[in-house]
Structures are given as structure tokens and as C-alpha cells.
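Quick caveat: nothing in here was measured; it's all calculated off a predicted structure.
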Amino acid sequence: MNSKAKRTPVEKAVDQFLRSLQERNASPHTIKAYSGDLESFAGYTGSRPWKEIDHLTVRGFLSHLYEKGLSKTSVARSLAAVRSLYRWLAQQGVVEQNPAKLVATPKLPKKLPRVPTIEEINTVLEGEMPEVASFPERDRLLLELLYGCGIRNSELVGINVDDIRLSADAILIRGKGKKERYVPFGDAVRTALATYLPRRQQVVRGQKQNNAALLINQRGGRLTTRSVGRIIKTIAVARGLPPDVHPHTLRHAFGTHLLEEGADLRAIQEMLGHERLSTTQRYTQLSMKHVLDVYDRTHPRAK
């Protein structure tokens, strides 16, 4: 490492930038990531002054990272770090232009979400709710609705008690762009509703205002999407699923599992409330990936 006296203009600026991040209480993870990426940038640019570093230099730095075997994701992160450094330098009046802005971000492959298997979902839904569930009757219904009906988190919290058509085994859902659709539900949702509704009644009984919301918190207010996300994650982790499970994971699982069990793509489109069939066709990719995984694991000629 260079001694303080011999530090290059870029190295000095990186030191000051990282110090400013610490002062702004940036997370240690962010500071560590920026520190590594910008150290590489300082090493690549050497003793060049700022005015000699242009967008071609930045592009050369990215090529250098590719040559070292870094992934597109890592290279994209390094470029983001350099852009942040330049933004800070501009605020300090050190530079006028941000050459990193002229460099295109590497195109990252679209990642398909990992969908829990039917067995994993059953692990979450079968038996009693784990002890971490603060309102077990509501939390079971919430899980059963997300997985049993494939609805979005925003649609879930928007359901009112009057939207449930018990005689038709369907729920009126208000989707994107105020589009309404009826979504069918099965025995698991019906059972969860029968257990939850009396408990809900107990919570709202003493309240002055009449709350129409189906899913409520323990004070009787409508549940928020953020709360739903937290509840899902807590229960999934308690049941041994990875912590990246969120409400949309259950919607993906709904679509993928229906397809795996032979459901028609148009019917899935209707239930999910997709405007275009092409959106629903992503589930065929997810399902195909699952099929290939099973093939690789089980076919005697694939081993």
C-alpha cells in the first residue's frame, strides 16, 4: 500500500468519499462494497489526474474487470460505485462532468425467481401456525389467500369482508388499473375464513368506526402491504424456507404449480389478472426449468 504522501489523486478522493459515507451513516455492507470497487478503480487509473480520466478510461476499467473474470453483476456494481464517486466529486466542485454516465451498464440476465416446491409450500401451510405468528388465524388466511388465489399483495390488503362470495367460492379482487375480477378459492381458504372471521369480529367489536377490511391488525386497522411482507417472511423462515420469500413468491408458486399440474395457460392468465398472455408465459419458463431439474436429477441417462 502507498504511504499517505504518495497517494494518487484518485486514492485521496476515494478515502474522502468513503469517509463521507461513514459520516452519512451508510451501511457497513455498502461501504465495504464501494471500498473494494473503488480501490480497483484507483489501481487501474494510477497517478492520472481527474481531467485525464474520461469515459474511455472508465470503459477500459470495465474491460479490465471482465478480463479478471468478474461477472456482469460485479462489473455493473463497480460502475455504479464509480458513478457515485463522480456524483460526490461534482458536489465537492472537483469535477464538472461524470464520464461514468456515458458508459452503458452491462446488460444483466433476467433472473427467474426461485419458486418454492409444492412440498415446501405444504410445509408452511400444514399443521399449526408457528409460535412467531402474532395473529395465527389471520396469518393462516393471509397465506392461504396468497397461495390459494395467486393474488398480489396490494390486492390482498384491498379485500373487504363484503367482497367474499361464500356461496360461489369466489372473491372479488380489485387489480391494477381498477380492473375487477372474481377469483375462485378452495376448501383451505374456506376453512381459514371460517376460523378467522369470528376472531376478527372480536377485535373490531368495540370500535367506533366500521372497518370494512377483511385483513386487520390487532388494533383493528387495515393490514398494510409492508406488514404482510414481514408476516410472510417471519413464518416462512420459521418453517425452514429461505429468507427471500415474500408475498409475490406465493403468487409465482400459485401460477407455476397450476401449470405443473396441467392447468390451461389462459385460465391461469384469468386468475392472475394478467393483461397479456406473454406475462403468464413466464410461468412456462419457470415450469420448464423445474421439469429440466427433475429430468437431470432422475433420468438414468442424464446422470
Would you give the length of the straight line joining atom CG of Leu141 to atom CG of Leu146, rounded to the nearest 0.5 angstrom? 9.5 Å
Student check: side-chain heavy atoms of Ile121 and Leu250 closer than 4.5 Å: yes
Holding to side chain to side chain donor-acceptor pair (under 3.5 Å), I want the full list of residues that pass it with Asp37, two or more places apart in sequence or in another chain. Arg77, Ser78
Does CD in Gln218 sit with more than 12 non-hydrogen atoms of other residues, nucleotides or ligands closer than 6.0 Å? yes
Verify side-chain contact (heavy atoms from CB on, under 4.5 Å) between Leu215 and Val157, making sure each step is shown before the conclusion. CA-CA 7 Å; Leu215 295 166; Val157 297; 5.7 Å; no
Minimum heavy-atom distance between Ser84 and Tyr34, given as atom pair plus value: OG-OH, 3.0 Å
Steps toward side-chain contact (heavy atoms from CB on, under 4.5 Å) verdict (Tyr182, Asp163): CA-CA 9 Å; Tyr182 277 101; Asp163 296 332; over 6 Å; no
As a quick check of understanding, evaluate side-chain contact (heavy atoms from CB on, under 4.5 Å) for Asp15 and Arg19, giving each step before the final call. CA-CA 6 Å; Asp15 288 345; Arg19 210 169 300 127; 3.9 Å; yes
Ignoring hydrogens and angles, write down the donor-acceptor pairs under 3.5 Å from the side chains of residues 45-53, residues two or more places apart or on other chains.
{"from": "Thr45", "atom 1": "OG1", "to": "Phe41", "atom 2": "O", "distance (Å)": "3.0"}
{"from": "Thr45", "atom 1": "OG1", "to": "Ala42", "atom 2": "O", "distance (Å)": "3.3"}
{"from": "Arg48", "atom 1": "NE", "to": "Thr45", "atom 2": "O", "distance (Å)": "3.2"}

Minimum-distance pair of heavy atoms, taken over all atoms of Asp244 and His246: O-CD2, 3.1 Å
Gln22 side, atom CD; Ile31 side, atom CD1 - distance, nearest 0.5 Å: 4.5 Å
Of all residues at least two apart in sequence or in a different chain, which pass the salt bridge (Lys or Arg N to Asp or Glu O under 4.0 Å) check with Asp54? none
Provide the closest heavy-atom pair for Phe254 versus Gly148 in the form atom of the first, atom of the second, distance. CE1-O, 3.4 Å
Show the nearest heavy-atom pair for residues Gln97 and Pro99, with the distance to one decimal. O-CD, 3.4 Å
Exam field: side chain Asn211 to backbone Ala213, donor-acceptor pair closer than 3.5 Å: yes
Whether over 12 other heavy atoms sit under 6.0 Å from Gln92 CD: yes
Given Leu156 and Leu223, is the side-chain contact (heavy atoms from CB on, under 4.5 Å) satisfied, shown in steps? CA-CA 9 Å; Leu156 174 82; Leu223 210 57; 6.0 Å; no
Could you check whether any side-chain heavy atom of Val14 comes within less than 4.5 Å of a side-chain heavy atom of Glu39, counting everything from C-beta outward? no
Determine whether Leu214 and Leu197 make a side-chain contact, defined as any pair of heavy atoms from C-beta on separated by less than 4.5 Å. yes
Side-chain atoms of residues 226-234: list all donor-acceptor pairs with protein atoms under 3.5 Å, sequence neighbours left out, distances to 0.1 Å.
{"from": "Ser227", "atom 1": "OG", "to": "Thr224", "atom 2": "OG1", "distance (Å)": "3.0"}
{"from": "Lys233", "atom 1": "NZ", "to": "Pro243", "atom 2": "O", "distance (Å)": "2.6"}
{"from": "Thr234", "atom 1": "OG1", "to": "Arg230", "atom 2": "O", "distance (Å)": "2.7"}

Result block: side-chain N/O donor-acceptor pairs under 3.5 angstrom for residues 127-134, not counting sequence neighbours:
none

Does Tyr86 have any side chain to side chain donor-acceptor pair (under 3.5 Å) partners at least two apart in sequence or in another chain, and if so, which? none
Verify the cluster assignment for Val189 and Val161: are they in a single hydrophobic cluster under the rule of side-chain heavy atoms below 4.5 Å apart? yes
Rounded to the nearest 0.5 Å, what separates atom CZ in Arg59 from atom CG in Leu62? 9.0 Å
Listed partners of Phe135 passing ring-ring contact (aromatic ring centres under 6.0 Å, His included), at least two apart: Tyr196
I want to check something: taking the side chain as every heavy atom from C-beta on, are Ser74 and Leu65 in contact at a cut-off of under 4.5 Å? no
Of all heavy-atom pairs linking Ala100 and Arg83, the shortest is O-NE, 3.1 Å
Using the test salt bridge (Lys or Arg N to Asp or Glu O under 4.0 Å), find all partners of Arg222 that sit at least two apart in sequence or belong to another chain. none
Pairwise distance SG(Cys149) to CD1(Ile171) - rounded to 0.5 angstrom: 4.5 Å
Please work out whether the ring planes of His248 and His252 are parallel, tilted or perpendicular, with thresholds of 30° and 60°. perpendicular
Are Val94 and Val58 linked, directly or through intermediate hydrophobic residues, by side-chain heavy-atom contacts shorter than 4.5 Å (ILVMFWY only)? yes
Name all residues meeting the side chain to side chain donor-acceptor pair (under 3.5 Å) criterion together with Tyr66; count only those two or more places apart in sequence or in a different chain, and write none if there are none. none
Arg199 vs Gln202, test: side chain to side chain donor-acceptor pair (under 3.5 Å). Steps then yes/no. CA-CA 5 Å; Arg199 277 287 293 116; Gln202 286 171 4; 2.9 Å; yes
In Å and rounded to the nearest 0.5 Å, what is the CG to CG distance from Leu18 to Leu38? 6.0 Å
Honestly curious: do Val124 and Val237 fall in one hydrophobic cluster under the side-chain, below-4.5 Å linking rule? no
Partner set under salt bridge (Lys or Arg N to Asp or Glu O under 4.0 Å) for Arg190, not counting sequence neighbours: Asp169
Within the distance-only criterion (no hydrogens, no angle test), does the side chain of Arg251 pair as donor or acceptor with the backbone N or O of Gly150 below 3.5 angstrom? yes
Tell me, please, which residues at least two apart from His64 pass ring-ring contact (aromatic ring centres under 6.0 Å, His included). Tyr44
Count I, L, V, M, F, W, Y as connected when their side-chain heavy atoms are under 4.5 Å apart, and connections chain through other members. Are Val103 and Leu56 then in the same cluster? no
Would you mind listing every side-chain hydrogen bond (donor to acceptor under 3.5 Å, both in side chains) that reaches into residues 138-153, with sequence neighbours excluded? Tyr147-His257, Arg152-Glu155
Would a 4.5 Å heavy-atom cut-off, applied to side chains only, mark Ile151 and Ile159 as touching? yes
Within a strict 4.5 Å, meaning less than it, do heavy atoms of the Val95 and Trp88 side chains meet? no
